[in-house]
There are 2 protein chains.
Amino acid sequence: MTYTIKEVSEKTEISIYTLRFYDKQGLLPFVARNSSGYRAFTDGDLSLIHTISCLKNTGMTIKDIRRYIDYVMQGPATIQQRITLLSEHRKKVEARQRKIAQNLQEIDYKLNVYQSPNAVATVTKEQQFVQQEKTINQLPNPYAKTILSK
Amino acid sequence: MTYTIKEVSEKTEISIYTLRFYDKQGLLPFVARNSSGYRAFTDGDLSLIHTISCLKNTGMTIKDIRRYIDYVMQGPATIQQRITLLSEHRKKVEARQRKIAQNLQEIDYKLNVYQSPNAVATVTKEQQFVQQEKTINQLPNPYAKTILSK
DNA sequence: CCTTGCCCTAGAGTAATGTCTAGAGTTTAG
DNA sequence: CTAAACTCTAGACATTACTCTAGGGCAAGG
């Protein structure tokens, strides 16, 4: 039993356009064609496309995904290269996850300020500090535009 | 005391090109100019650019960052809008983080297979399954290319 | 003064990742 | 048998986010 591109698109939530684009980019060399030249996806193909999705979702570039797929197509001899590629990717993803978590904490800090009962006072004070800083350096007040436009 | 664009670029690790690009995109309306038309960055500006970095690093689009900055420029009246914008962004980032963590687990699963002592056997078996599947459906064997090219 | 190294803008160019269109062939339900 | 719904390719177009170039002005040291 095989699947059409439409069925695969629905199963994987990858658009038909994107599937064809991936094929053009060499990400789907394992997908066979039937006698009419239509792509005939097997379950094994779906499994590989799932792996491609994982790599894509974790931010791997198409170029690197293609490298991985190339290794897969070359069989067991390339297991070591696959390990290297995936471990390095893993490291990068973890580093990025950590950085995002840090940045999220800073956003949370902002949110706390905004949600505190004296948010208006805090924000007003910050704005005054900025205005003062600009004045000291003989620079125009950036908030002036808003004030003038009233 | 103010900073030149070069100094800000070094402090923030954002390229001069990008800083000017951000300014063009309306992300830096608060940065003043000196008498020669040069940007003069203050400490308050750096703080806002840091916030912009946090939003950018967590994947917010320039368009949405501009919305946030616009709110900031409008003063305390927009605190509620800022809360809404940041909370929604927060939710999206957390969802994305979770998805990435899941995908990373699947990559880890792959890595475990590759790193196990019988990796070659597992991979070979997988490959045979795919070949079988293709044969059953009267489709060409995708691995054939590699074999033939030897 | 003059050279070197900054700064500026406008706008062109690039890279990655899709997304869509045109034109043509295939399959399927009535 | 025909219309509707699907498939294909090639290639144009879109989007996001930079990145760079050209052409010119300003500033600081010798």
Side-chain angles (χ1 to χ4, degrees), chain A residues 1-29 31-42 45 49 52-69 89 92 96 100 103 137-140, chain B residues 1-29 31-42 45 49 52-69 89 92 96 100 103 137-140:
Chain A
M1 208 278 177
T2 63
Y3 308 98
T4 66
I5 196 168
K6 194 188 184 195
E7 287 163 343
V8 174
S9 172
E10 282 157 3
K11 274 179 197 289
T12 61
E13 310 219 279
I14 299 173
S15 83
I16 293 180
Y17 296 141
T18 303
L19 285 168
R20 288 205 266 247
F21 169 69
Y22 285 173
D23 199 2
K24 235 190 274 188
Q25 296 301 306
L27 262 47
L28 315 178
V31 176
R33 303 300 181 106
N34 66 19
S35 51
S36 309
Y38 289 14
R39 291 172 186 86
F41 297 80
T42 61
D45 294 348
I49 290 173
I52 290 173
S53 273
C54 282
L55 297 175
K56 182 197 74 166
N57 289 337
T58 52
M60 188 181 279
T61 62
I62 286 180
K63 202 176 151 232
D64 281 350
I65 298 176
R66 183 169 51 221
R67 271 185 61 211
Y68 176 74
I69 295 293
H89 178 60
K92 279 184 218 156
R96 193 157 47 83
I100 290 172
N103 284 209
N137 292 291
Q138 299 165 344
L139 297 169
Chain B
M1 207 279 178
T2 64
Y3 309 98
T4 66
I5 197 167
K6 194 187 185 194
E7 287 162 342
V8 174
S9 172
E10 282 157 2
K11 274 179 197 290
T12 60
E13 310 219 281
I14 299 173
S15 82
I16 293 180
Y17 295 140
T18 304
L19 285 168
R20 287 205 268 247
F21 169 69
Y22 284 173
D23 199 1
K24 236 190 274 190
Q25 297 300 307
L27 263 46
L28 314 178
V31 175
R33 303 298 183 107
N34 67 18
S35 51
S36 310
Y38 290 15
R39 290 173 188 86
F41 297 80
T42 60
D45 294 349
I49 290 173
I52 290 172
S53 274
C54 284
L55 297 176
K56 183 197 75 167
N57 289 338
T58 51
M60 189 181 280
T61 61
I62 286 180
K63 200 177 153 233
D64 281 350
I65 298 175
R66 184 170 48 219
R67 272 186 59 212
Y68 176 73
I69 295 294
H89 178 59
K92 281 184 218 156
R96 192 158 49 83
I100 290 172
N103 283 211
N137 292 290
Q138 299 164 345
L139 298 169

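It should be emphasised that the depicted structure is a prediction, and the values quoted were computed from it without experimental measurement. Letters A, B, ... are given to chains in the order of the sequence lines, protein chains preceding strands, and every chain is numbered from 1.
- In terms of phosphate contacts, A:R20 brings no side-chain nitrogen or oxygen within less than 4.0 Å of OP1 or OP2 of D:dG11.
- Taking only side-chain nitrogens and oxygens, B:S36 never comes nearer than 4.0 Å to OP1 or OP2 of C:dC8.
- Look at B:R33 and you'll find a side-chain N or O under 4.0 angstrom from OP1 or OP2 of C:dT9.
- Comparing B:M60 and B:S35 by the nucleotide of DNA chain D whose heavy atom lies nearest to each, the residue mapping closer to the 5' end is B:M60.
- An OP1 or OP2 oxygen of D:dT7 is reached within less than 4.0 angstrom by a side-chain nitrogen or oxygen of A:T4.
- A:T58 places a side-chain N or O within 3.5 Å of a backbone atom of A:C54 that can act as its donor or acceptor partner.
- Nearest-nucleotide positions on DNA chain D for B:Y38 and B:G59 put B:G59 closer to the 5' end.
- Using modelled atom types, one side-chain atom of B:R66 and one backbone atom of B:Q25 make a donor-acceptor pair closer than 3.5 Å.
- One atom, CZ of B:F21, and another, P of C:dT9, lie 15 Å apart when rounded to the nearest Å.
- Closest contact between the side chain of B:K24 and the listed nucleotides C:dA10, D:dG11, D:dC8 involves C:dA10.
- Within 4.0 Å (heavy atoms only), A:K6 reaches sugar-phosphate atoms of the nucleic acid but no base atom.
- Between the OH atom of B:Y17 and the C1' atom of D:dT16 there is a distance of 19 Å, rounded to whole Å.
- Remark: B:T18 is not in phosphate contact with D:dA17, judged by side-chain N or O atoms under 4.0 Å from OP1 or OP2.
- Side-chain N/O atoms of B:Y22 include none lying less than 4.0 angstrom from OP1 or OP2 on D:dA17.
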